Amino acid sequence: MLLHAALPSSPPERAVSETSAPIGVFDSGLGGLSVLRAVRTALPHEPLVYVADSLYAPYGERDDDFIVDRTMAIGEWLVARGAKALVVACNTATAQSIALVRERLAIPLIGVEPGVKPAALVSKTRVVGVLATAVTLRSLRFQALLDRYAADCRFICQPGHGLVQAVERCDTNSPELIALLASHLQPMLDAGADTLVLGCTHYPFLDEAIRSIAGDRLRIVDTSIAIARQLERQLNAHGLRSASASAIVPRFYSTADGESQRQLAASLLGIEARVEHVVIPSQRTRPLASA
Ligand code: DGL
């Protein structure tokens, strides 16, 4: 995970309005809910605003410029609504756009990236599988991670074609999904992998499906708990912790109809909440002026 805001030496004094402001959490779609789940567990008193850009998911099949455009637009939208910190809960958006978002948004910022380092630390067979989007796997940032942390491990990197689309329609265990997932995992298992990095925040919702295929042969590396801890450290360092003593239900927004989001939040997170539709314009999605 990445930290991009300079830390002050001691937490500044903050007005209550600042500490009670929400934390923005954003993903191309529903995957960031796996990060939101970890954040809620670690920081139950923090108000959270979640934006799913489901109308434009999957980002993993978009060009780089489109991903940067959407990430900036949603980051700016959240800042305009008073977000005190931003979690880019999407490996693909982080890989493509975190440097620019860091330059333009003046709030603590946390991105996510595949857990190459923890996987290299725990693998016994020294063979590790990585499931992530094609965009993440071909990014310079991911290549730099491998260069830095792969050590003597062999990393088998598999684009998870079709998996984001399945989660977006709340399919986490159909026979078709299991067959697709098995086709992604089998080459890793055949090569002797004992560790699997989930390099896309949609994939933690497939953990039971992964277990049904691989049993206990693959140790799953999911960084969402570590992301929540980093967020906590950032809030503490900036004096931004909420003073509320009661748990707060997150506010959910979607650029699509939000029905899958409502269902997944209810079934996998136990959160019954309305999902508000939102239109967030950006350069690449603005309707062209008629000639
Ligand atoms: N959850 C996003 C990620 O972590 C999925 C990207 C996509 O929409 O393809 O990469």
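Treat the numbers as computed from the prediction; the structure is a model and nothing was measured. Ligands are counted one by one from 1 in listed order, and the atoms in each one are counted from 1 as well. Counting from 1, the numbers follow the sequence of the chain as shown.
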S.K.: Give the atoms of ligand 1, by number and element, whose distance to some non-hydrogen atom of Asn91 is under 4.0 Å.
M.R.: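 Once the distances to Asn91 are compared, the set is 3 (C), 4 (O), 10 (O).
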S.K.: Give yes if a backbone or side-chain nitrogen or oxygen of His202 is under 3.5 Å from a nitrogen or oxygen of ligand 1, and no if not.
M.R.: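 Yes, His202 has an N/O under 3.5 Å of an N/O on ligand 1.
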S.K.: Would Ser282 and Arg70 count as having a side-chain donor-acceptor pair, cut-off 3.5 Å?
M.R.: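 Yes, because at least one side-chain N or O of Ser282 sits under 3.5 Å from a partner of the opposite role on Arg70.
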S.K.: Less than 3.5 Å between some nitrogen or oxygen of Thr92 and one of ligand 1, yes or no?
M.R.: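 Yes, Thr92 has an N/O under 3.5 Å of an N/O on ligand 1.
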S.K.: Are any of the side-chain heavy atoms of Glu259 and Arg262 separated by less than 4.5 Å?
M.R.: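 Yes, their side chains come closer than 4.5 Å.
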S.K.: Enumerate the atoms of ligand 1 whose separation from the nearest heavy atom of Pro58 is less than 4.0 angstrom.
M.R.: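 Counting atoms of ligand 1 from 1, those under 4.0 Å from Pro58 are 7 (C), 8 (O), 9 (O).
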S.K.: Would you mind listing which atoms of ligand 1 come within a distance below 4.0 Å of any non-hydrogen atom of Ser28?
M.R.: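 Those qualifying, in numeric order: 2 (C), 5 (C), 6 (C), 7 (C), 8 (O).
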S.K.: Considering only heavy atoms from C-beta outward, does the side chain of Val51 approach that of Asp27 to under 4.5 Å?
M.R.: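 A side-chain contact is absent here, since even the closest heavy-atom pair is not under 4.5 Å.
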S.K.: Hey, mind stepping through Trp77 and Phe26 against ring pair (Phe, Tyr, Trp, His ring centres under 6.0 Å) and telling me if it holds?
M.R.: CA-CA 11 Å; Trp77 186 88; Phe26 143 70; over 10 Å; no
S.K.: Which of the numbered atoms in ligand 1 are below 4.0 angstrom from a heavy atom of Asp27?
M.R.: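 Those atoms are 1 (N), 2 (C).
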S.K.: Hey, does Tyr59 come in under 3.5 Å of ligand 1, counting only N/O atoms on both sides?
M.R.: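 Yes.
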S.K.: Have a look at Asp65 and tell me which of Arg284, Gln96, Gln283 forms a side-chain hydrogen bond (donor to acceptor under 3.5 Å, both in side chains) with it.
M.R.: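 Filter result, single survivor: Arg284.
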S.K.: Do Ile210 and Leu181 come within less than 4.5 Å of each other through their side chains, counting heavy atoms only?
M.R.: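 When only atoms from C-beta onward are counted, Leu181 and Ile210 do touch, with a gap below 4.5 Å.
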S.K.: So, is Gly60 polar-close to ligand 1, with some N/O to N/O distance under 3.5 Å?
M.R.: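 Between Gly60 and ligand 1, an N or O pair is found under 3.5 Å apart.
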S.K.: With the threshold set at under 4.0 angstrom, would you say Gly29 reaches ligand 1 through any of its heavy atoms?
M.R.: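 The answer is no, since Gly29 has no heavy atom less than 4.0 Å from ligand 1.
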S.K.: Is it the case that Tyr59 and Asp53 place a side-chain donor and acceptor less than 3.5 Å from each other?
M.R.: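 Yes, because at least one side-chain N or O of Tyr59 sits under 3.5 Å from a partner of the opposite role on Asp53.
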